[in-house]
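Owing to the predicted nature of the structure, the values given are computational and were not obtained by experimental measurement. Positions are given from 1 along the sequence.
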Amino acid sequence: MIVVVAEKPSVGRDIARVLQCRDRGDGFLKGDQYTVTWAVGHLVTLCEPDELDEKYKKWRMEDLPILPTNIPTKVISKTRSQYSVIKNLINAPETEKVICATDAGREGELIFRYIYHQAKCKKPVDRLWISSMTDEAIRDGFANIKSGTEYDALYASAKCRSEADWLVGMNASRAFTLRFQVLLSIGRVQTPTLAILVKRYHEIKDFKPEEYHTLTADFGTYTGQWFDPAIENDKKNNRIPNAETAQKIAKEVKGKTGQVISVETEQKKELAPQLYDLTSLQREANKKLGFTADKTLKIAQELYEKWKAITYPRTDSRYLPMDMIGRAKLTLQKLPQSYQQHVQNIPWKEDGKLPFSKRIFDNAKVSDHHAIIPTPQTAPMDKLPPDAQKLFDMIARRTVAAFYPAHEYNQTKIVSKVENHSFRSTGHTVLINGWKDVYPKEEKDEDQLPKLSKGDPCTVQKTTVKKESTKPPAPHTDASLLAAMEHAGKELDDEELREQMKGSGLGTPATRAGILEKLVSSGFVERRKQKKTVNLIPTSLGTAIITVLPEQLQSPQLTAEWEHRLKQIER
C-alpha cells in the first residue's frame with residue numbers, strides 16, 4: 001500500500017478520485033493500490049518555551065534570551081484526531097512508501113515533514129509536485145514522481161524559517177512586553193512591515209503643504225501650460241510661487257500673439273503587461289476590484305482547488321517554462337467563449353503556432369512554480385461566484401493580452417512662446433491599439449493636438465490661473481504595501497546588500513497577505529475607507545511599538561537578509 005498525504009481534505013478528495021480510491025474511511029479514502037489522507041493545514045508545530053522548561057511559564061527578563069539547541073515539535077491539540085489518522089496509516093506494516101502531496105512550496109514541505117518526523121516514520125518518501133489541480137496535471141504528476149530527498153534543501157529552508165520566527169518572536173515579544181508592561185507581539189516580518197506603515201504615517205502627519213499657482217493659456221484650438229525652461233525638473237517647472245506673479249504673466253500674454261517655437265513628436269511603445277505572480281495579482285485586484293490581499297489569495301486558492309480554473313497561485317514567477325508552449329496554446333483555445341474573439345486576434349504564426357517571447361517563456365526565471373494562468377479546462381463561468389468571476393476575468397485577459405503586440409502611440413510636445421513666456425502642450429495619438437484591445441475601452445478621449453508647425457502664430461484668447469498646493473504622500477493601501485514589502489530591500493543603504501535583496505523583500509508571496517491580516521487583528525493597524533480607497537493606518541499602539549523598538553528589529557534589513565539566505569539554502 002502507498003499512502004498519499006495531501007495538505008487539505010478538498011485536495012485529498014481530488015487526488016483520490018484520480019487514483020480511484022473510493023472506499024471511505026475516517027479521515028482517508030482507500031483504493032486497491034493507494035490510500036489518500038490529508039492534513040488540515042499545520043497539524044504539528046514548534047513547542048512553546050514553557051513546554052521546554054517549566055521555569056519559562058513566568059515571563060522574566062533574567063531568563064532571556066531563550067536559545068534552545070533544538071526546538072522540539074508537538075501535535076496541535078485541535079486537530080489531534082486527524083494527525084492520529086495519518087500517523088497510523090504511514091506507520092502501518094502494509095505501507096510500503098509515503099507520497100508527500102502537500103502544496104508544492106516551502107510551507108507545504110514543512111507541513112508534511114513535521115508530521116512525518118513527529119510520527120517517527122521511517123518509510124521511504126516520494127514527492128508529488130504539481131502546478132494545477134486538473135485531473136490531467138495530477139496524472140502527469142504521478143507519472144513523473146520524484147524522490148523526497150530531492151526536496152531536502154527546501155525542507156531545511158522551511159525549518160530554518162520556522163525556527164528563526166520562533167527565536168525572534170518568543171524572545172522579542174517577552175522582552176518588550178516586560179519592559180513596557182503591555183502585551184506586545186513582535187515578529188521577524190510583521191514588525192518591519194508595521195514600520196513601513198508608521199514611517200508613511202509620520203511623513204503624512206509632518207507634511208507641510210506649499211502653495212503655488214499654475215497658469216493655462218487657451219489658444220483656441222489647443223491649450224498650453226506656462227513653464228520655466230530654466231528649471232530642469234519637469235514636474236516642478238510649471239509652479240508660480242504666488243498669485244500676484246501668476247496674474248501679472250496672465251495680463252502680459254492675454255490677447256497677444258506669439259508663435260510655436262518647437263513641435264516634437266516621439267513614437268512610443270507600451271509592451272503587453274507580463275503574466276501575474278501572486279503579488280502582482282493581489283496588487284491589481286486591490287486597485288481594480290478593491291479586494292484585500294487576503295481576499296484575493298482566498299479566491300485564487302478556490303479557483304485553483306475547487307474550480308480547477310487556474311494554476312497554482314502562490315507563485316513568485318511571472319514567466320512560463322519553454323515546455324509549456326503547447327499547453328499555453330491549448331489553454332487559450334479552451335478559454336470560455338467570451339474570450340475567443342480576443343484569442344483569434346492574437347497574431348498567430350502561419351503554421352498555427354503561438355507567438356512567444358522571453359517576456360512570457362523563460363526557463364531561467366521560473367522558480368518552484370510558473371506564472372498564474374488559466375488551466376486547459378474551460379472554467380464554468382455560470383457557476384463561479386461573482387468575485388471569483390471577476391478575478392478569473394483578470395487572469396484570463398492578462399494571459400491573452402501577453403501574446404498581443406505592443407500598444408503604440410505618437411506623443412507630441414509643443415512649446416509656444418508669447419511675450420517671452422513659454423507654454424507647454426502635450427498630446428498623444430494612438431497608432432496601434434495592440435494589447436489594449438483585450439480590455440474594455442476606458443472612457444477617455446484622446447488628447448489630440450491640432451497639426452502645428454514651428455513658426456505658426458498662436459494667440460492667447462483666454463487665461464486661467466489656478467491655486468494649487470503640494471500633496472503629502474498617499475496612505476498605504478494593500479496594493480502599495482505589498483509593493484513596499486516586495487521591494488523592501490531597495491530602501492537599504494548598503495549597495496551590495498540591496499543588490500543581494502533583489503527578489504527577497506519582506507515575507508514571500510504566500511505569506512504577505514497573512515502578515516497584513518495579523519497586523520490588523522493584533523490591533524496594530526486598521527483599515528479606513530476614504531472615498532474609493534481603503535487605507536492601512538497604524539493605530540496608536542502600532543505607532544508606539546515602532547517608537548520603542550531598536551532599529552534592527554524594525555528595519556527590513558535583518559528580514560531581507562534572512563529571506564535571501566533561506567533562498568540560498570533552498571537552492
Side-chain angles (χ1 to χ4, degrees), residues 1-46 73-105 107-149 151 155 158 298 301-309 312 314 375 377 383:
M1 181 60 66
I2 297 169
V3 175
V4 180
V5 182
E7 189 165 321
K8 300 182 190 79
S10 59
V11 176
R13 285 192 289 273
D14 285 333
I15 292 172
R17 191 187 64 252
V18 172
L19 297 177
Q20 298 185 336
C21 301
R22 296 190 183 95
D23 296 343
R24 190 174 292 279
D26 185 11
F28 64 90
L29 288 157
K30 200 171 168 43
D32 296 338
Q33 191 185 352
Y34 295 96
T35 298
V36 180
T37 184
W38 44 81
V40 198
H42 282 274
L43 298 183
V44 174
T45 188
L46 296 173
T73 56
K74 63 169 183 180
V75 179
I76 297 169
S77 55
K78 202 168 74 178
T79 46
R80 182 175 289 279
S81 59
Q82 189 55 25
Y83 165 77
S84 302
V85 169
I86 299 176
K87 180 184 174 181
N88 293 335
L89 285 170
I90 62 178
N91 285 325
E94 64 272 22
T95 299
E96 304 151 38
K97 71 172 171 185
V98 180
I99 291 178
C100 167
T102 48
D103 280 3
E107 219 45 35
E109 198 63 31
L110 189 71
I111 287 171
F112 172 78
R113 300 277 188 134
Y114 271 0
I115 295 167
Y116 181 83
H117 293 306
Q118 184 74 27
K120 297 188 169 52
C121 186
K122 297 282 185 284
K123 303 285 167 78
V125 175
D126 280 347
R127 182 58 156 118
L128 178 74
W129 194 269
I130 53 175
S131 280
S132 92
M133 286 304 301
T134 62
D135 291 6
E136 186 195 3
I138 295 169
R139 274 193 285 272
D140 280 355
F142 274 94
N144 298 294
I145 204 118
K146 294 199 166 85
S147 164
T149 55
Y151 297 88
Y155 167 56
K298 283 183 175 142
Q301 198 68 26
E302 195 176 288
L303 281 168
Y304 164 67
E305 279 177 23
K306 183 179 178 182
W307 302 104
K308 323 285 184 281
Y312 186 70
R314 294 166 185 254
T375 61
Q377 183 170 307
K383 291 182 185 164

Give me the ring orientation class for Trp129 and Tyr151: parallel if the planes are under 30° apart, tilted from 30 to 60°, perpendicular past 60°.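 Rings of Trp129 and Tyr151: parallel, as their planes differ by under 30°.
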When you measure from the side chain of [X] to the backbone of [Y], do you find a donor-acceptor pair of N or O atoms at a distance under 3.5 Å?
| X | Y | answer |
| --- | --- | --- |
| Asp103 | Glu7 | no |
| Ser84 | Arg80 | yes |
| Glu109 | Tyr155 | no |
| Thr37 | Gly27 | yes |
| Lys74 | Val44 | no |

Can a donor-acceptor pair be found between the side chains of Thr134 and Gln377 at a distance below 3.5 Å?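 Their side chains do not contain a donor-acceptor pair, so the 3.5 Å distance test is not met.
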Atom of [X], atom of [Y] and distance for their closest heavy-atom approach:
| X | Y | result |
| --- | --- | --- |
| Cys21 | Val36 | SG-CG2, 4.0 Å |
| Ser132 | Thr375 | CB-CG2, 3.8 Å |
| Val75 | Tyr83 | CG2-CE2, 3.5 Å |
| Ile15 | Ala6 | CD1-CB, 4.4 Å |
| Ile115 | Ala39 | CD1-CB, 4.0 Å |

Donor-acceptor list for residues 137-147 side chains, cut-off 3.5 Å, not counting sequence neighbours:
residue, atom, partner, partner atom, Å
Asn144, ND2, Asp140, O, 2.9
Ser147, OG, Thr149, N, 3.2
Ser147, OG, Thr149, OG1, 2.8

Within 6.0 angstrom of Lys8 NZ, more than 12 heavy atoms from elsewhere: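 More than 12 within 6.0 Å, yes.
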Quick test of your reading of the model: are Lys308 and Asp14 salt-bridged, counting only N-O distances below 4.0 Å?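 Salt bridge present between Lys308 and Asp14.
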Strictly below 4.0 Å, N to O, side chains only: are Glu96 and Lys123 in salt-bridge contact?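 Judged by the 4.0 Å cut-off on N to carboxylate O distance, Glu96 and Lys123 do not form a salt bridge.
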Can you sort out the partners of Pro9 under side chain to side chain contact (heavy atoms under 4.5 Å, CB included), two or more places apart, ordered by chain and number?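 By the side chain to side chain contact (heavy atoms under 4.5 Å, CB included) rule, Pro9 matches Arg13, Trp38.
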When you compare the side chain of Lys306 with that of Gln301, does any pair of heavy atoms fall below 4.5 Å?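 The answer is no; the side chains never approach within 4.5 Å.
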Are Gln33 and Ile2 packed together at the side-chain level, in the sense that at least one heavy-atom pair is separated by less than 4.5 angstrom?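 With C-beta onward as the side chain, the pair touches.
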Rounded to the nearest 0.5 Å, how far apart are [atom1] of [X] and [atom2] of [Y]?
| X | Y | atom1 | atom2 | answer |
| --- | --- | --- | --- | --- |
| Asp135 | Leu19 | CG | CG | 10.0 Å |
| Met133 | Ser10 | CE | OG | 7.5 Å |
| Asp23 | Thr35 | CG | OG1 | 9.0 Å |

